[in-house]
**Q** 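Submitted below is the structure of interest, expressed as structure tokens.
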Amino acid sequence: MVHSYRYHQLKKGDRQHVEEEEVLLSSLMCAASSDSFDVESDGVATNVNAKAYLCSSISNGTICCDRSSMRSDVCVMKGDVRTHSASSSIFLFTSRNNNSVMNKVSSLVDKDEELHREKIKPYTRKWETSVMDSIDELGLIAKTENSRINHHCDVMHDVPAVFFSTGGYTGNVYHEFNDGILPLYITSQHFKKKVVFVILDYHKWWIMKYGNILSLLSDYPAIDFSGDKKTHCFPEAIAGLRIHDELTVDPSLMQENKSIVDFRNFLDRAYWPRIKSMIKGEERGAQKKLELKAHSSKKNLKQVHEATLKKPKLVILSRNGSRAITNENLLVKMAEKIGFRVEVMRPEPTTELARIYRALNSSEVMIGVHGAAMTHFLFMKPGSVFIQVIPLGTEWAADAYYGEPARKLGLKYIGYQILPRESSLYDRYDKNDPVLRDPRSVSDKGWQYTKSIYLDNQNVRLNLGRFQRRLLRAYRYSIAKVNSRYHLQSQ
């Protein structure tokens, strides 16, 4: 499923307005901390380490919100932090002698009243009103320590908590990684698993699907914020996730210069235990087959196996419905004739990610038509080849959301822009129609035009002669890499 926000580019005036509105920080509570950053009146932090985020260093009894990003807000609470799911709130209980700013605020209210309140929707698409309207809102409330008697702790935690939402566009693999998993890694990996995840818009299937990843980020079971009525107490809480760009990690913003390659290595550690168990099961099955074929010599079987391994592997991520390759069977035959081992995968929402990871991690080349499934390029080893077939009307999005991130990962990216004759739209429109001749002018009319014409009602019939040139290029590159690896293993 593809949505308008993935193709919509903010107009210059819109972007300026958003930035001017969102750059203001919750400076009252940040200024209350003697350890917090120096914040000027325009919201731009000074004297801040390049690797440090706003609000990453605050003192006890402090709430600090960084609203400077156009993509997401992040708030930090430090001290006596307690959940209250009934009111969708997190309380911070603090002494009114904590600092001078808090004294000024607390002197205006009764001792049991709140001192300060912030609101946040912990999801990473804050510019997109339509989806943010569906995200649960959290209240972050500072109160005097006298009022905590009514909010006793049911569960005490000695590690920080990270609050985030798995609502919104969760269910689409692009959004699950771009808006959720990658930001979660960026925000929490430095805790070295000593962190608790508290989830709004909680889904059990999401926990099961990404359990391998979550177990490497946290030693503790995730908490369903609205479903768990207990009061959980933490020494620190982060509400919201940090996000850098489309499907990437910016090392200039990470401790130890962590990059998207480090994230991919992290995925390796997450999925290999499961993959190893798959391999063992297959080996047992293969052994039984060998016993049934006792008349075949082990030498011949070994030679066949080695010859197969020396062929570079190509995975085709196949689509059903719109943007399918209608002559996919001929593509497979051509690729095999060139010399590839070909595997056709049709990922479904229920397909175990470890299986997809295993297939792509062991491949030299991946081919797929632009769409959410292209997110799986993250599973490929740097140096592998990613060929994205780009239907009419999807040029900008194909490069921005998959092409450029793939290059950052170190993949050899090839964007195959189809010609009008390769589109099923060619049979439905006059050859001079803007739909074929100038797709950008059609997309500029609005999202509904892009969606109804180019995304939902377009298939691809590859010009195999034209596509073959890209495939041969990928083969020559891959065969050299495979042979090099094979010789190293044989030594």
Side-chain angles (χ1 to χ4, degrees), residues 51 53 55-56 71-72 74-78 81 83 90 122-124 138 155 157-168 170 173-225 227-228 232 234-245 247-251 253-276 352-354 356-357 361 375-376 378-379 409:
K51 295 293 177 67
Y53 290 105
C55 301
S56 63
R71 290 174 174 264
S72 67
V74 178
C75 294
V76 180
M77 308 171 76
K78 193 170 183 181
V81 179
T83 62
I90 314 171
Y123 190 64
T124 58
L138 266 178
V155 184
H157 302 271
D158 58 1
V159 298
V162 172
F163 291 74
F164 64 97
S165 172
T166 56
T170 298
V173 69
Y174 161 80
H175 291 289
E176 287 170 8
F177 273 92
N178 187 70
D179 304 340
I181 295 299
L182 269 161
L184 187 61
Y185 172 82
I186 290 168
T187 306
S188 67
Q189 57 83 34
H190 69 282
F191 287 118
K192 309 296 183 185
K193 300 177 68 175
K194 302 306 176 185
V195 62
V196 175
F197 297 141
V198 185
I199 303 177
L200 287 73
D201 304 297
Y202 182 97
H203 300 287
K204 287 184 179 179
W205 66 261
W206 187 89
I207 296 292
M208 293 180 64
K209 183 174 182 178
Y210 292 105
N212 306 83
I213 291 174
L214 296 177
S215 66
L216 281 192
L217 286 175
S218 172
D219 282 333
Y220 308 89
I223 297 171
D224 176 359
F225 180 70
D228 190 333
H232 291 265
F234 301 95
E236 182 179 350
I238 299 173
L241 302 177
R242 301 193 183 278
I243 180 171
H244 293 165
D245 206 342
L247 294 174
T248 197
V249 177
D250 184 347
L253 299 175
M254 296 290 287
Q255 295 179 17
E256 302 176 358
N257 296 314
K258 296 285 187 181
S259 69
I260 189 63
V261 175
D262 292 297
F263 174 75
R264 196 218 157 272
N265 293 337
F266 166 82
L267 292 180
D268 233 18
R269 298 194 301 275
Y271 288 120
W272 263 104
R274 170 60 180 144
I275 291 171
K276 286 179 181 177
E352 186 179 1
L353 284 179
I356 303 174
Y357 190 90
N361 181 66
T375 304
H376 294 119
L378 291 169
F379 296 177
L409 182 58

**Q** Does Asp201 offer a backbone N or O that forms a donor-acceptor pair with the side chain of Ser165 under 3.5 Å?
**A**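 No; judged by distance alone, with no hydrogens or angles, the pair does not exist.
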
**Q** Ring-plane angle category for Phe379 and His376, please: parallel below 30°, perpendicular beyond 60°, tilted otherwise.
**A**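 Ring orientation, 0 to 90° scale: tilted.
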
**Q** Centroid separation under 6.0 Å, is that true for the rings of Phe164 and Tyr123?
**A**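 Centroid distance Tyr123-Phe164: not below 6.0 Å, so no.
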
**Q** Check whether the side chains of Asn212 and Arg269 place a donor and an acceptor atom closer than 3.5 Å, and report yes or no.
**A**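 No - no donor-acceptor pair under 3.5 Å links their side chains.
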
**Q** Is there a side-chain contact (heavy atoms from CB on, under 4.5 Å) between Leu409 and Ile260 once you walk through the steps?
**A** CA-CA 6 Å; Leu409 182 58; Ile260 189 63; 4.1 Å; yes

**Q** Evaluate the side-chain contact (heavy atoms from CB on, under 4.5 Å) criterion for residues Ile223 and His157: first the C-alpha distance (whole Å), next the side-chain angles of each, then the deciding distance (0.1 Å), finally the verdict.
**A** CA-CA 12 Å; Ile223 297 171; His157 302 271; 4.1 Å; yes

**Q** Please assess Asp245 against Arg71 for the test salt bridge (Lys or Arg N to Asp or Glu O under 4.0 Å), listing each intermediate value before the final yes or no.
**A** CA-CA 9 Å; Asp245 206 342; Arg71 290 174 174 264; 3.4 Å; yes

**Q** Given Phe163, which of Ile199, Val196, Leu138, Ile238 fulfils the side-chain contact (heavy atoms from CB on, under 4.5 Å) condition?
**A**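 Among Ile199, Val196, Leu138, Ile238, the one that satisfies the side-chain contact (heavy atoms from CB on, under 4.5 Å) with Phe163 is Leu138.
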
**Q** Pro251 and Val249: which non-hydrogen atoms are nearest, and at how many Å?
**A**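 Scanning both residues completely, I find the closest heavy atoms to be CD-O, 3.2 Å.
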
**Q** Grab the two heavy atoms, one from Leu241 and one from Gly180, that are nearest each other, plus how far apart they are.
**A**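 In this case the closest contact between Leu241 and Gly180 is CD1-O, 3.9 Å.
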
**Q** Decide, yes or no, whether a salt bridge links Asp158 with Lys194 under the criterion of side-chain N to carboxylate O below 4.0 Å.
**A**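 No, Asp158 and Lys194 are not salt-bridged.
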
**Q** Do the non-hydrogen side-chain atoms of Val162 and Val195 ever get within less than 4.5 Å of each other?
**A**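 Touching, per the 4.5 Å side-chain cut-off.
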
**Q** If you round to the nearest 0.5 Å, how far is CG of Asp268 from CH2 of Trp272?
**A**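 Spacing of CH2 (Trp272) from CG (Asp268) equals 7.0 Å.
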
**Q** Testing the 3.5 Å rule here: is there a donor-acceptor pair between the side chains of Asp262 and Ser259?
**A**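 Judged by distance alone, the side chains do pair up.
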
**Q** Hey, could you give me the NZ/CG distance between Lys258 and Asn265, rounded to the nearest 0.5 Å?
**A**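 These two atoms lie 9.0 Å from each other.
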
**Q** Flag the pair Phe191 / Phe197 as yes when their ring centroid distance falls below 6.0 Å, and as no otherwise.
**A**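 That pair fails the under 6.0 Å test.
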
**Q** Give the intermediate values and the outcome of side-chain contact (heavy atoms from CB on, under 4.5 Å) for residues Gln189 and Met254.
**A** CA-CA 10 Å; Gln189 57 83 34; Met254 296 290 287; 3.4 Å; yes

**Q** Measure the shortest side-chain to side-chain distance between Tyr202 and Phe225 over non-hydrogen atoms and say whether it is less than 4.5 angstrom.
**A**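 Side chain of Tyr202 against side chain of Phe225, heavy atoms only: no contact under 4.5 Å found.
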
**Q** Would Arg274 and Glu352 count as a salt bridge (Lys or Arg N to Asp or Glu O under 4.0 Å) if you check the C-alpha gap in whole Å, the side-chain angles of each, and the deciding distance to 0.1 Å?
**A** CA-CA 10 Å; Arg274 170 60 180 144; Glu352 186 179 1; 2.7 Å; yes

**Q** Quick one: are Trp206 and Thr170 in side-chain contact, heavy atoms under 4.5 Å?
**A**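 Contact flag for Trp206/Thr170 side chains = yes.
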
**Q** Under 3.5 Å, is there a donor-acceptor pair between the side chain of Thr187 and the main chain of Leu184?
**A**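 Absent.
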
**Q** Working to the nearest 0.5 Å, report the span between CD1 of Ile186 and CD1 of Ile181.
**A**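 That separation rounds to 11.5 Å.
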
**Q** Evaluate the side-chain contact (heavy atoms from CB on, under 4.5 Å) criterion for residues Leu217 and Lys193: first the C-alpha distance (whole Å), next the side-chain angles of each, then the deciding distance (0.1 Å), finally the verdict.
**A** CA-CA 5 Å; Leu217 286 175; Lys193 300 177 68 175; 5.8 Å; no

**Q** Check each of Val173, Asp179, Asn178 against His175 using the side-chain contact (heavy atoms from CB on, under 4.5 Å) test, and report the only one that passes.
**A**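 The option that passes is Asp179.
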
**Q** Do the non-hydrogen side-chain atoms of Ile90 and Phe234 ever get within less than 4.5 Å of each other?
**A**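 They are not in contact (no side-chain heavy atoms under 4.5 Å apart), so the answer is no.
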
**Q** Can you check whether Phe177 reaches Phe263 side chain to side chain, under 4.5 Å on heavy atoms?
**A**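 Yes - at least one pair of side-chain heavy atoms lies under 4.5 Å apart.
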
**Q** What distance do Leu378 atom CG and Ile356 atom CD1 have between them, rounded to the nearest 0.5 Å?
**A**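 Here the interatomic distance stands at 12.0 Å.
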
**Q** Ignoring hydrogens and angles, state whether a donor on the side chain of Tyr271 or Asn361 is under 3.5 Å from an acceptor on the partner side chain.
**A**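 Distance-only check fails for Tyr271 and Asn361.
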
**Q** Do you know which two heavy atoms are closest between Ala270 and Leu216, and how far apart they sit?
**A**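 In this case the closest contact between Ala270 and Leu216 is N-CD1, 3.4 Å.
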
**Q** Just verifying a value: how many Å separate Ser218 OG and Ile213 CD1, rounded to the nearest 0.5 Å?
**A**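 Nearest 0.5 Å value for the OG-CD1 distance: 13.5 Å.
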
**Q** Can you tell me how far the CD atom of Glu176 sits from the NE2 atom of His203, to the nearest 0.5 Å?
**A**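 Going from CD on Glu176 over to NE2 on His203, the span is 9.5 Å.
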
